[in-house]
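Quantities reported herein were computed from a predicted structural model and do not represent experimental measurements.
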Amino acid sequence: MSITPSIPVLRGSKDTDLRALDEELILRRAHQEYHIPLAAIALVHAERRAVEVRLTAPTGTAPTVYRIEDVSEAAATAFAESVNAVLPPAAEGAAAVDGSTLVTTRTVEREPETPREAFRRRVKWFLVGSVLAIVAMSVLVSVVVHPVMMIFVWISGGVGFPFAGAVASLTPSLVERWRLPRHGITVTADYAHIAAEPSLYLYADLDGHTRTYFDTSGRLRIEISYDPRDPSKVVRADGKGRWGQTILLLMAGGIALLALVAFFATPFMDPGV
C-alpha cells in the first residue's frame, strides 16, 4: 500500500529528518540516508518529541531501532499513526525476517554552498565576532580606563565593524569588475525579450551552454565578460559602475580604518581626558 503525501515530515536535531515516500521511510542524517521499506518495519512508536522506527526481527533477536528526536510532538503522533495504519500485515505462520537486511544506506554528499548562503554565513559570523569584540573591549575599558569610555567603545566599534564588514563583502565583486574585462572572456549578451524578466540577457559560454545575466540598461545587446573557470562570475565588459563602487569602497574603508583605530586605541587613552 502506498503512503499518502499527507504524512508530515519530521525535522529533528542535528540536521536529521524522517519522511514517508512511496512505500518506504527515508531517514536523513548529516552524511547518511537510510531507506527503510514498509515491509521491514514492525512498529513506529511516538513518545512526546521523539519517534522510533522499530524493524522486524526473528524471535529472540533484538530489533534494530532508528530514532529521531526534537521533533514536533503533534507531528510525531500523526506520523506514527499514519505509518502504522499502512504497514503490511505479517504473513500468518511465517517467521519474521530481520528488517535491517532490507534497509539500504547511501552516503549523502553535501550540496555546494551558494553565493547567497556563503554571504549570509560570513555576515552572521562577522556580526557575532564584532559584538563579542565590542563586549570584551567594554569590559577591559571599564576596568582599566573608565566606565564612561565604554560609550566611545560602542560608538567606534558600532561604526568601524559594520563598515569593515561591508568592505570585506563587496571587495571581491569589485575585483571581478576590474579583472574579468582584462583576463576573462568577453562575449555579446542579447536581450531575452521576456515580459516577466525585463532585465534578462542571454549569452553562450565556450561549451555552448546558454547562460543568463541581468542588467537594467535596456539595450538590445551588451558586452559581458565572464570567468572561463566559473561562468557564473560575470560583469559588464564596459566596467559600468566600477569607478563609483571603487570610490564608495575607499570611503567606507577610510571610515572603518579610523573608527577601528579609535576602537583599539581606547584602552590607551588618558582617563582624565
inquiry  = Ring centres under 6.0 Å, that's the criterion: do Phe161 and Phe263 meet it?
reply    =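 Centroid distance Phe161-Phe263: below 6.0 Å, so yes.
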
key: Ring centres under 6.0 angstrom apart (Tyr66, Tyr34)   =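 Between Tyr66 and Tyr34, the centre distance is under 6.0 Å.
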
Which atom names give the shortest non-hydrogen contact between [X] and [Y], and what distance separates them?
X      : Y      : result
Pro228 : Ile185 : CB-CD1, 3.6 Å
Val159 : Pro162 : O-CD, 3.5 Å
Ala76  : Ala46  : O-CB, 3.5 Å

Would you call [X] and [Y] a side-chain contact if the rule is heavy atoms closer than 4.5 Å?
X      : Y      : value
Leu27  : Val53  : no
Thr61  : Asp98  : no
His209 : Pro231 : no
Val141 : Phe152 : no
Met137 : Leu140 : yes

Check for me, please, whether [X] and [Y] land in the same ILVMFWY cluster - side-chain distances under 4.5 Å, paths through other members count.
X      : Y      : result
Ile255 : Ile134 : no
Leu43  : Val51  : no
Ile26  : Val65  : no
Trp154 : Val148 : no
Val235 : Ile224 : no

Does [X] have more than 12 heavy atoms from other residues, nucleotides or ligands lying within 6.0 Å of its [atom1]?
X      : atom1 : value
Asp15  : CG    : no
Glu33  : CD    : yes
Arg19  : CZ    : yes
Arg179 : CZ    : yes
Ile151 : CD1   : no

Distance-only side-chain donor-acceptor flag, Glu197 / Thr212, under 3.5 Å =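 Judged by distance alone, the side chains do not pair up.
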
query = Taking atom OG of Ser142 and atom CE of Met149, what is their separation to the nearest 0.5 Å?
reply =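 Spacing of OG (Ser142) from CE (Met149) equals 12.0 Å.
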
ask   = Which distance, rounded to the nearest 0.5 Å, do you find between the CG of Asp238 and the CZ of Arg177?
value =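 Here the interatomic distance stands at 9.5 Å.
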
message = Please determine whether salt bridge (Lys or Arg N to Asp or Glu O under 4.0 Å) holds for the pair Arg67 and Glu52, giving the CA-CA distance in whole Å, both sets of side-chain angles, and the decisive distance to 0.1 Å.
response = CA-CA 4 Å; Arg67 182 179 177 89; Glu52 289 185 349; 2.8 Å; yes

Test side-chain contact (heavy atoms from CB on, under 4.5 Å) applied to Tyr201 and Asp190, step by step = CA-CA 5 Å; Tyr201 287 78; Asp190 296 316; 5.8 Å; no

N/O donor-acceptor pair under 3.5 Å between [X] side chain and [Y] backbone:
X      : Y      : value
Ser199 : Thr216 : no
Thr56  : Val97  : yes
Ser169 : Ala166 : no

request  = Just do the ring-ring contact (aromatic ring centres under 6.0 Å, His included) check on Tyr213 and Tyr226 with the steps written out, would you?
outcome  = CA-CA 10 Å; Tyr213 179 71; Tyr226 69 90; over 10 Å; no

ask   = When Phe79 is tested against each of Val44, Val9, Asn84 for side-chain contact (heavy atoms from CB on, under 4.5 Å), which residue passes?
value =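 In the set Val44, Val9, Asn84, the residue that makes a side-chain contact (heavy atoms from CB on, under 4.5 Å) with Phe79 is Val44.
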
